[in-house]
Every structure is written in C-alpha cells, then in structure tokens.
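Here the structure is a predicted model, which means the values were calculated and not measured. All residue numbers in this chain count up from 1 along the given sequence.
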Amino acid sequence: MRITVLGGCGAWPEAGQACSGFLVEHDDFRLVMDLGYATVPRLLEKVAADQVDAVFISHGHPDHCADLNPLLRARALQDDPPPPLLVYALPGSLDAVLALDRPGMLAGACEVHDVRVGSRLDIGPFRAETRLLPHWVPNAGLRLAAGGEVLTYTGDSGPAPEVAELARGADLLLAEATYVDRVPLDSRRYLSSARDAGRRAADAGAGRLLLTHLWPGTDRFAALRAAGEDYDGEIDVATAGLVVDLR
C-alpha cells in the first residue's frame with residue numbers, strides 16, 4: 001500500500017501546500033481520501049483525472065471536500081468522459097459541493113455511495129471500516145486493509161478513545177493534529193493536538209504516525225516533539241509530495 005500526501009494543511013492551504021488529501025494505491029487501484037482546497041493540481045501531477053478509481057470523503061467541511069468539484073469537472077468535461085467516479089461519503093455531507101455547478105452539468109460524473117457509520121465495505125481491493133469520530137459535523141474515521149497492511153485515517157476528530165479503537169494495530173495512523181499541545185477550550189471535543197495524536201497512536205499500538213491538518217504556520221518540529229512525548233514509533237508530518245510505503 002502506497003500513500004502519497006496531496007496536502008495536509010488545516011483550514012486553508014499555506015503557500016505551496018494544500019489542504020487534506022491523500023492518494024492511496026494498491027494493486028493498481030487508486031483511492032483518494034479527502035479532496036480539500038488545492039489538492040486536485042497535486043493529484044493531477046501524479047495521475048490523470050480519469051485514472052482515479054474512487055474517492056472517500058471523511059466529512060463535509062470544504063478543506064476536506066472542496067476539490068471534489070474540479071476533479072469531477074476534469075472528468076465530465078472531457079470529449080469522451082469516463083464512467084462515473086465512485087464517491088463514498090456520509091449522507092448529505094457532499095450536498096454543498098455537488099451543488100456548485102448548474103443542474104445537470106456534472107450529471108453522470110459520479111456515483112455517490114452513502115456510508116453507514118460502523119459498516120464494513122469493499123472499495124476496490126481495500127476492506128474498509130468506518131467509525132463516527134467527534135467533530136462539529138458528522139465525520140467518518142476510516143480503516144483500510146489490503147495486502148496484510150492497515151492504514152487508519154481520522155479525518156478531523158477530537159481525542160476520543162474511538163480513534164485508538166479504529167487504529168488498533170494499524171501499520172500507519174494518519175491523525176489530525178491541528179494544534180501542537182493545547183487545543184482551545186471551545187474546540188477540545190472536536191479537534192486534536194499533536195500530543196493527543198501521539199497518545200492515541202501509543203494506545204493503538206500503531207506502527208507509524210503521520211500528523212496531518214496542522215494549522216497554517218505551525219512549527220512542525222514542535223508538533224513532532226509533542227507527539228513523541230507519549231509515542232516512541234516513527235513520526236512524520238504530512239506535507240505535499242510525501243510518499244509512505246507500507247510493507
């Protein structure tokens with residue numbers, strides 16, 4: 001399983017970066033997890049629009065799904081459009097982004113599959129499990145297994161025990177870490193820090209930890225240090241272009 005980071009900024013993209021987006025490849029199947037601001041140009045550096053097999057959107061905030069629109073445009077407006085793109089998301093979470101164009105413009109460009117939280121489903125070669133994780137809007141954490149390897153992605157989530165449960169024994173935990181250490185009081189139920197991510201990775205026994213969704217301007221080295229207070233495995237920060245191979 002290969003993970004290519006398209007972007008890992010929270011809220012808005014820093015110069016030269018992008019918001020949440022990850023290309024996951026296995027057995028020639030290409031799944032994209034989240035498509036936040038500025039991720040499509042990064043994606044198209046790696047693959048053509050019609051080579052994407054499926055998309056999973058964790059939740060409906062635009063820094064996680066806004067670039068679904070240009071991806072669908074890049075497919076639907078071709079002279080010979082490809083088959084509908086398989087898109088997996090919680091019910092209603094894509095209503096806003098799918099309404100950006102005039103009615104009918106993107107008709108047939110995607111086939112949306114509503115994700116039932118707690119369900120298991122097959123996405124190409126991936127065996128997927130979902131778990132509702134705490135955020136301001138419904139947010140589906142995702143566990144992907146293929147070829148004996150396991151990736152867990154939190155989307156955006158508060159530091160709930162469900163994160164460790166979803167990531168139990170995972171080879172890689174891709175965890176939201178908006179803040180380095182202290183999360184503002186009004187956000188503590190809905191967002192995490194790098195220190196929180198390290199604790200959850202330790203609780204889960206995850207093999208590696210990749211911090212994502214850092215607030216623009218965050219000192220990445222401070223985030224790495226905070227995550228390492230409770231977790232002694234390999235830690236990195238999700239920046240555009242980073243490639244992680246699970247073996």
Side-chain angles (χ1 to χ4, degrees), residues 1-26 29-75 85-90 93-94 96-98 100 109-110 112 115 123-124 126 128 130 133 135 137 139-144 151-157 172-178 191 197 209-216 218 220 236-246:
M1 193 187 303
R2 168 170 286 187
I3 300 98
T4 301
V5 178
L6 306 175
C9 293
W12 73 90
E14 291 185 282
Q17 295 294 323
C19 285
S20 297
F22 308 91
L23 173 63
V24 185
E25 300 172 274
H26 184 76
F29 189 92
R30 299 180 177 96
L31 167 67
V32 178
M33 300 188 307
D34 281 351
L35 278 164
Y37 299 122
T39 52
V40 160
R42 301 279 181 178
L43 176 64
L44 297 183
E45 291 174 353
K46 306 297 181 183
V47 299
D50 57 7
Q51 292 177 318
V52 177
D53 296 297
V55 169
F56 179 93
I57 300 294
S58 63
H59 65 287
H61 281 158
D63 56 334
H64 291 259
C65 69
D67 266 27
L68 178 61
N69 175 264
L71 178 60
L72 294 180
R73 281 181 164 221
R75 293 168 66 97
L85 177 64
L86 301 176
V87 179
Y88 298 84
L90 294 172
S93 61
L94 300 181
V97 71
L98 293 177
L100 288 173
C110 68
V112 178
V115 172
I123 305 175
F126 299 103
T130 57
L133 299 179
H135 196 45
V137 299
N139 171 76
L142 179 67
R143 180 184 176 98
L144 291 176
L151 161 68
T152 296
Y153 173 51
T154 65
D156 288 352
S157 169
L172 176 67
L173 171 58
L174 179 52
E176 179 257 308
T178 303
L191 291 173
L209 173 62
L210 187 58
L211 304 175
T212 188
H213 204 265
L214 274 65
W215 195 259
T218 296
R220 57 176 292 167
D236 209 338
V237 173
T239 54
L242 178 68
V243 176
V244 177
D245 286 306
L246 301 185

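- D156 and H61 are not linked by any side-chain donor-acceptor pair at a separation below 3.5 angstrom, with hydrogens and angles left out of the test.
- Taking all atoms of both residues into account, the shortest heavy-atom contact from A38 to Q17 is CB-O, 4.0 Å.
- Here the options are V32, V115, V24, the test is side chain to side chain contact (heavy atoms under 4.5 Å, CB included), and the partner is F56; only V115 passes.
- Remark: E14 engages no residue in a salt bridge (Lys or Arg N to Asp or Glu O under 4.0 Å) (not counting sequence neighbours).
- Residue H64 comes nearest to G155 through the heavy atom pair CE1-C, 4.5 Å, listed as atom of the first residue, atom of the second, then distance.
- Using a distance-only test at 3.5 Å, with no hydrogens or angles considered, no donor-acceptor pair links the side chain of E176 to the main chain of L191.
- With rounding to the nearest 0.5 angstrom, the CG atom of L86 is 8.0 Å from the CG atom of D53.
- Residues A175 and L209 come closest through the heavy atom pair CB-CD1, 4.0 Å.
- The aromatic rings of H135 and H59 sit perpendicular, their planes meeting at an angle over 60°, well past the 30° parallel limit.
- Between the side chain of D236 and the backbone N or O of L210, no donor-acceptor pair lies under 3.5 Å.
- Within the 4.5 Å cutoff, side-chain heavy atoms of T4 are placed close to those of E25.
- Residue A140 comes nearest to L90 through the heavy atom pair N-CD1, 3.8 Å, listed as atom of the first residue, atom of the second, then distance.
- For the pair I57 and C65, the tightest heavy-atom approach, listed with the atom from each and the gap, is CG2-CB, 3.7 Å.
- For T178 and H213, the side-chain atoms include at least one donor-acceptor pair closer than 3.5 Å.
- Note: L173 CG to L211 CG = 9.0 Å, rounded to the nearest 0.5 Å.
- Ion pairing of D67 with R73 is absent here, as no side-chain N (NZ or NE/NH1/NH2) approaches a carboxylate O to less than 4.0 Å.
- Salt-bridge annotation for D245 and R2: present, with a side-chain N of the basic residue lying under 4.0 Å from a carboxylate O of the acidic one.
- With rounding to the nearest 0.5 Å, the separation of CG in L142 from OG in S58 is 9.0 Å.
- In terms of heavy atoms, C19 sits closest to W12 at SG-C, 3.4 Å.
- Note that the CD1 atom of I3 and the CG atom of L174 stand 8.0 Å from one another [nearest 0.5 Å].
- Of the residues L31, T152, L172, the one that meets the side chain to side chain contact (heavy atoms under 4.5 Å, CB included) test with L144 is L31.
- One N or O on the side chain of N139 and one on the backbone of T154 form a donor-acceptor pair closer than 3.5 Å.
- Note: M33 CE to I123 CD1 = 10.0 Å, rounded to the nearest 0.5 Å.
- L94 CG to N69 CG: the interatomic distance, rounded to the nearest 0.5 Å, is 11.5 Å.
- Here the side chain of R75 pairs a donor or acceptor atom with the backbone of V52 at under 3.5 angstrom.
- Checking each of L35, L6, L72 against V40 for a side chain to side chain contact (heavy atoms under 4.5 Å, CB included) leaves exactly one that passes, namely L35.
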